[in-house]
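One-based numbering, in listed order, for ligands and for the atoms of each.
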Amino acid sequence: MSNKVIFVVLDGLNYQVAQNCMGYLSAFMDSQQATTYQISCELPSLSRPLYECLLTGEAPVHSGIVNNQVRRLSFNSSVFSLAVQAGLTTAAAAYHWVSELYNSSPYNQQTDRICNDKSLNIQHGMFYHLDHYPDTILFADGEHLRQTYQPDFLLIHPMNIDDAGHRFGLDSPEYRNSARQADIILSDYLPTWIEEGYQVVITSDHGMNNDKTHGGILEEERAVPLFLLGTQFSQKSVDLKQTQICGLLCQLLGLSDHQKPYNPALLKQG
Ligand SMILES: [Zn+2]
């Protein structure tokens with residue numbers, strides 16, 4: 001079974017804020033079209049280590065991507081590399097650290113911002129390097145990639161929620177409003193994605209705290225949501241680890257020998 005997958009990583013989105021502020025996504029839950037799970041992110045609760053975790057299934061202590069300054073290509077197979085090896089098409093509208101992990105490092109904004117190269121792990125990329133790059137434009141970038149290249153695997157990775165958290169903290173109107181804004185943007189795209197048969201996986205790398213940062217073990221820094229929307233999901237209640245999301249994505253894409261951990265109970269055929 002092979003499905004096209006859109007993987008949305010809403011950077012820095014705390015679980016409870018997602019539950020309280022994302023009314024559009026909650027409507028899918030209310031109508032039994034989607035399921036939400038609470039996940040405790042791996043440690044340290046930092047961005048680059050957890051991009052690697054989400055996309056390779058490796059916790060930071062195993063991947064070696066242990067802080068945001070570890071600036072090198074990933075040593076692990078990723079959803080991108082496995083999909084390309086299987087002849088699938090990959091794309092990402094994402095922060096430039098994702099390019100550094102899977103395409104080329106260090107990132108050169110003059111040459112690496114937009115890429116179209118079938119030999120790369122991320123074949124079609126639109127990357128950005130400013131944390132306040134508007135989410136609304138980032139989603140439009142992702143939609144451009146989807147419509148133009150019909151990727152089997154598309155990562156959409158906006159940064160404004162995390163950016164608001166760093167400027168105003170977890171318990172702030174600005175942080176909550178950035179989550180509400182992402183929910184509104186999603187409402188412009190999800191109906192089409194669902195209608196066209198995509199499996200949509202929405203999560204976050206880490207949460208946020210009231211010190212305007214993250215990295216530690218506090219509940220608010222670690223608790224992130226996972227929303228699953230699509231015809232392939234069982235909607236069963238299961239316990240999940242962040243390291244199992246990569247395997248779920250691989251399974252949806254039909255990458256049968258991916259060797260990544262996943263929980264089969266999440267899928268209908270499981
Ligand atoms: Zn952050």
Could you check whether [Y] and [X], counting side-chain N and O atoms only, form a donor-acceptor pair closer than 3.5 Å?
X: Gln33; Y: Ser31; result: yes
X: Ser40; Y: Arg222; result: yes
X: Asp141; Y: Tyr128; result: no
X: His157; Y: Asp11; result: yes
X: Ser77; Y: Lys260; result: yes

Under 2.8 Å from the Zn ion (ligand 1), how many protein N, O or S atoms can be found?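 Counting protein N, O and S atoms closer than 2.8 Å to the Zn ion (ligand 1) gives 4.
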
N/O donor-acceptor pair under 3.5 Å between Gln123 side chain and Lys118 backbone: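 Here the side-chain-to-backbone pair exists.
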
